[in-house]
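Just so it is clear: chains get the letters A, B, ... in the order the sequence lines come, proteins before strands, and each one is counted from 1.
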Amino acid sequence: MTDSRFDVRFDAGQADSRWQAAWDEARCFEADSASAKPKSFVLEMFPYPSGRIHIGHVRNYTMGDVLARYKAMRGFEVLHPMGWDAFGMPAENAAMENGVHPAGWTHANIAAMKKQLKQLGFALDWSREFATCDPTYYGHEQALFLDLYAGGLVYRRESAVNWDPVDQTVLANEQVVDGRGWRSGALVEKRKLNQWFLKITQFAQDLLDGLDTLQGWPEKVRVMQENWIGKSTGLQFAFDLSNGEQLEVYTTRPDTVFGASFVAVAADHPLAAGVAVGNAEAQAFIALCKQGGTTAAELETAEKLGFDTGVTAHHPFTGAALPVYIANFVLMDYGTGAIMAVPGHDQRDFDFATKYGLPIMRVIAASADVADAPLTEAEAGDGVCVHSSFLDGMAVADAKAEVIRRVEAEGRGQGKTVWRLRDWGVSRQRYWGTPIPFIHCDACGVVPVPKDQLPVVLPEDVDISIPGSPLARHPTWKHVACPQCGAAALRETDTLDTFVNSSWYFLRFASQPTDKPFDTAEVAQWLPVEQYIGGIEHAILHLLYARFWTRALAHVGAVDVKEPFASLFTQGMVTHETYYRQTYDDGSDHPRVRYYSPDEVERSANGATLKNDSKQVEVGKVIKMSKSKKNVVAPEDIIADFGADAVRWFMLSDSPPERDLPWSEAGIEGCGRFVQRLWRLFGQFDAGATGEDKALDRKTHQAIAAVASDIEALSFNKAVARLYELASAIDKAAPSASRNEAIRSILLLVSPMMPHLAEEAWHALGQPGLIANAAWPAVDPALLVEDEVTVAVQVQGKLRDTLTVAKGLPKDQLEALALASEKVQRSIDGAQIKKVIVVPDRLVNIVV
RNA sequence: GCGGGCGUGGUGGAACUGGUAGACGCGCGGCACUCAAAAUGCCGUUCCGAGAGGAGUGUCGGUUCGAUUCCGACCGCCCGCACCA
């Protein structure tokens with residue numbers, strides 16, 4: 001008899017909240033650091049509390065959740081925490097616009113988003129939740145900052161910084177994209193300010209080397225970080241100039257030194273400034289260089305321009321007089337801001353030399369016999385030195401070493417490694433961030449706040465309505481006594497970059513004592529994070545900073561870990577069609593594009609109409625959901641319509657997780673149908689049924705094994721397909737003990753993905769406890785092997801027949817069977833058989 | 001320009017280390033159930049062809065008994081980086 005309780009439709013609305021409450025009650029997902037089980041730390045990038053969860057979060061957290069629940073079923077003690085990256089500009093912007101306090105705004109947003117996350121039934125350890133704006137969090141961050149200061153990794157200096165005029169604050173190099181602020185989009189200006197820096201460059205080599213150990217990271221992300229760190233090795237040396245001065249240049253191609261035909265300096269190089277004194281033409285040229293754009297497109301099209309200073313440089317080996325130019329393509333902040341230009345082997349130099357009629361010499365050739373081949377473009381490749389005096393015949397690598405050796409021997413320069421990576425400026429002139437725990441005293445200088453006076457808490461009564469630093473203009477907050485001499489002194493009013501907050505939050509998740517940031521031994525229990533999941537947009541910023549902080553903390557003895565994230569997965573975006581019309585409704589001649597949201601539109605197989613007027617709208621490209629294109633769906637709406645499990649299932653279906661997932665109404669409806677279908681399937685559990693169904697047993701066990709390996713590989717789309725197949729097989733099978741076992745198994749297999757439905761059915765079927773605490777079903781290896789296989793029979797590589805035979809049938813028998821096939825005989829058609837290839841259990845190919 | 005990735009039905013995508021291309025989902029078509037609809041179930045669905053059969057994984061070529069998979073050239077799309085000396 002099947003179970004009549006399953007005749008009614010599965011009521012997600014009611015079941016979701018019941019089981020969410022049951023999990024909370026049973027504290028199912030609280031991680032126990034003292035557990036004897038093997039540990040697994042599954043982490044998704046914690047969200048900024050913007051106010052609501054968007055569909056991208058849902059996809060991200062669903063993936064992590066499936067993995068976390070699966071790991072728990074496999075006997076791991078799982079740490080799967082959640083918190084809030086709660087400091088930052090949007091809270092201050094909201095304060096400016098709406099007059100709400102950043103703290104109140106942030107906490108209200110957190111409450112709203114937490115409710116949404118709870119509705120999705122994620123197996124999160126909420127007991128470890130924190131927000132980075134909690135003084136209990138940022139106070140510990142201040143303590144760590146002081147530790148790094150004591151360890152020599154924090155310093156303060158005046159420097160030219162990237163100033164974001166909209167956010168009214170400084171940005172790190174990494175936070176400037178195409179000359180604009182990464183968040184505000186404003187054109188960044190250069191300013192001189194006293195800034196706090198973290199010595200990330202001290203770990204440049206180590207951060208680079210560490211990338212090789214991160215085999216669980218996407219190649220793409222490792223390449224991006226490698227490029228960002230930007231190691232180059234070369235030679236720095238001085239030219240003697242005709243004006244009696246010296247000019248330091250840096251080159252990665254010392255082997256091409258005999259091909260140098262001019263020298264160039266940046267427009268803001270001191271030599272350029274010197275030349276410009278009393279020289280209007282030079283001044284005009286320098287001004288021209290400085291107004292040049294910095295975007296990729298502008299740079300690409302920018303013409304190479306130069307200004308001949310009239311100064312010449314003496315070639316260190318030939319003694320030739322090389323003209324010194326000011327050139328717009330030389331950057332002051334890389335190397336020494338001056339280069340030796342080798343037109344034959346650097347395209348920029350080639351372009352420049354062509355324009356100004358300077359010599360272009362070949363000094364590297366593929367082989368010595370093409371030493372005089374003409375150059376039509378710069379040849380940057382490998383080869384041997386030619387026309388290069390004592391270097392002639394040497395390979396590029398050897399010649400580099402030889403030139404460096406000679407220059408060093410002459411005391412004229414030295415081999416040098418140059419990095420693109422710069423120290424990380426962490427000062428922000430904002431309110432809503434971690435106060436930097438230092439005090440400026442006229443007598444004692446910059447004094448750390450004693451640890452027993454931490455946290456340095458943000459004042460609540462601030463005026464955020466006007467630009468500028470709210471802490472700096474606060475009437476009382478900054479006035480304190482110097483901890484050393486007791487005299488009146490001033491607090492540091494800069495706050496830390498919010499990327500500092502996210503550089504160690506995973507450590508605080510692993511361990512959160514009240515008297516210190518974390519316990520080193522407890523952290524060692526959980527770290528490294530076994531699987532980290534988040535967006536590709538953090539490939540450099542967050543992930544590089546977090547790797548650096550982990551090293552810096554190891555440097556001062558706070559942690560034993562080096563790489564915080566063993567495996568990284570970057571998931572694709574959720575996309576959706578766009579719907580639009582071209583309108584002229586503003587009365588102008590130019591059409592404007594007006595977008596419509598999916599719920600204003602009726603979509604059919606061959607087009608779309610607007611619900612309002614039943615007239616057609618254009619169906620546009622499938623792109624990332626964004627408010628401006630109105631192609632968004634609200635998680636709360638679809639959860640209400642279909643239930644959390646259908647939404648979760650959709651997030652896992654079809655598209656491989658690293659690729660974009662196109663949202664569709666038809667797709668989510670299909671998921672909703674499958675939830676109901678499974679529900680009915682569970683109702684087919686027939687306690688009275690007996691008997692064996694070997695074929696179904698085999699399918700069940702194959703599915704158990706396949707779904708497990710698919711989840712471990714994060715190939716959720718494949719696991720989903722497997723589960724559809726198993727469901728169909730169960731549907732078709734007759735009642736039996738095997739079928740009951742199959743139903744019990746599929747229930748367990750879908751439980752990480754559809755936990756509410758699974759829990760409801762588990763309960764209805766009278767299974768003990770919560771399925772959230774159940775174990776993954778065991779696989780019988782004997783059932784994974786088929787005893788019959790289908791073998792393809794080809795003639796000339798074309799499929800002619802298939803044979804179903806016992807597994808392991810010997811080659812000669814297989815061959816005989818294949819040749820006996822009527823279809824095969826027909827296509828051989830009496831031709832002579834030259835060769836027969838037999839792959840046991842797979843195919844027979846007959847060559848005639 | 002440099003680096004990386006991708007190209008498979010109407011559609012999202014499967015295909016283990018070269019071995020039956022198109023699993024599974026969506027859509028579409030047909031049928032059953034129903035007074036009817038919804039829901040559900042069953043069957044079909046790469047293309048051409050009535051059929052036997054033929055063609056087919058961006059294009060062209062190569063290696064192989066056999067290529068979505070390996071190699072070369074080209075075309076197209078996406079992403080990242082960039083006057084980094």
Within a strict 4.5 Å, meaning less than it, do heavy atoms of the A:Ile638 and A:Phe650 side chains meet?
no
Please list, pair by pair, any protein nitrogen or oxygen found under 3.5 Å from a nitrogen or oxygen in nucleotides 51-53 of chain B.
from, atom 1, to, atom 2, distance (Å)
B:rG53, OP1, A:Arg826, NH1, 3.2

Residue pairs passing the salt bridge (charged side-chain N to carboxylate O under 4.0 Å, His left out) test with at least one member in residues 833-848 of chain A, sequence neighbours excluded, are A:Lys807-A:Asp841
Among B:rC65, B:rG25, B:rA85, which is the nearest nucleotide to the side chain of A:Thr252?
B:rA85
The side chain to side chain donor-acceptor pair (under 3.5 Å) partners of A:Glu658 (sequence neighbours excluded) come to none
Go through A:Ile704 and A:Ser745 one step at a time and tell me if the side-chain contact (heavy atoms from CB on, under 4.5 Å) criterion holds.
CA-CA 8 Å; A:Ile704 295 169; A:Ser745 297; 4.1 Å; yes
Report, one pair per line, the protein and nucleotides 40-44 of chain B atoms (nitrogen or oxygen only) whose separation is under 3.5 Å.
from, atom 1, to, atom 2, distance (Å)
B:rU40, O3', A:Arg680, NH2, 3.1
B:rG41, OP1, A:Arg680, NH2, 3.4

I want to check one thing: is the phosphate of B:rA85, taken as OP1 and OP2, less than 4.0 Å away from some side-chain N or O of A:Tyr334?
yes
Send over the distance from A:Phe352 CZ to B:rA85 C1', rounded to a whole Å.
14 Å
Output a table of nitrogen or oxygen pairs between the protein and nucleotides 18-22 of chain B separated by less than 3.5 Å.
from, atom 1, to, atom 2, distance (Å)
B:rG19, O2', A:Arg842, NE, 3.3

Residue pair A:Arg547 / A:Gln225, side-chain donor-acceptor N/O under 3.5 Å:
yes
Test side chain to side chain donor-acceptor pair (under 3.5 Å) applied to A:Gln236 - qualifying residues, sequence neighbours left out:
A:Glu248, A:Lys416
Measure CG/A:Asp351 against P/B:rA82 and give the value in whole Å, please.
20 Å
When we call it a touch if two heavy atoms are under 4.0 Å apart, what does A:Tyr250 touch: a base, just sugar-phosphate, or nothing?
base
Do the side-chain N and O atoms of A:Tyr579 and A:Thr609 include a donor-acceptor pair separated by under 3.5 angstrom?
no
What is the distance, rounded to the nearest whole Å, between atom CE of A:Met753 and atom C1' of B:rC24?
13 Å
Listed partners of A:His269 passing side chain to side chain donor-acceptor pair (under 3.5 Å), at least two apart:
none
Secondary structure of RNA chain B in dot-bracket form (Watson-Crick or G-U wobble, distances below 3.5 Å, | marking inter-strand pairs):
(((((((..(((......[....)))((((((.......))))))(((....)))..(((((..]....))))))))))))....
Close approaches to RNA chain B from residues 256-271 of chain A, in residue order (heavy atom, under 4.0 Å):
none
Tell me, with the steps shown, if A:Glu725 and A:Lys699 meet salt bridge (Lys or Arg N to Asp or Glu O under 4.0 Å).
CA-CA 9 Å; A:Glu725 269 176 291; A:Lys699 284 183 176 146; over 6 Å; no
Under the side chain to side chain donor-acceptor pair (under 3.5 Å) rule, collect the residues that match up with A:Ser821, sequence neighbours excluded.
A:Asp801
Which pairs count as salt bridge (charged side-chain N to carboxylate O under 4.0 Å, His left out) when at least one residue sits in residues 255-264 of chain A, sequence neighbours excluded?
A:Arg253-A:Asp255
Would you kindly give the NZ-to-C1' distance between A:Lys624 and B:rC79, to the nearest whole Å?
14 Å
Distance alone, cut at 3.5 Å: any donor-acceptor contact between the side chains of A:Asp423 and A:Thr201?
yes
Distance below 4.0 Å between A:Arg348 side-chain N/O and B:rC84 OP1 or OP2
yes
Could you check how far CD of A:Glu577 sits from C1' of B:rU11, rounded to whole Å?
11 Å
Salt bridge (charged side-chain N to carboxylate O under 4.0 Å, His left out): which pairs involve residues 666-683 of chain A, sequence neighbours left out?
A:Arg677-A:Asp731
For A:Asn717 and B:rA14, is the shortest distance between a side-chain N/O and OP1 or OP2 below 4.0 Å?
yes
Between A:Ile540 and A:Ser232, just flag the one whose closest nucleotide in RNA chain B comes earlier from the 5' side.
A:Ile540
Tell me which nucleotide among B:rG12, B:rC81, B:rA14 gets nearest to the side chain of A:Pro662.
B:rG12
Under 4.0 Å: is that the gap between some side-chain N or O of A:Lys835 and OP1 or OP2 of B:rC65?
yes
Quick one: A:Lys220 NZ to B:rG5 C1', roughly how many Å, whole number?
7 Å
Under 4.0 Å from OP1 or OP2 of B:rC84: is there any side-chain N or O of A:Lys231 that close?
no
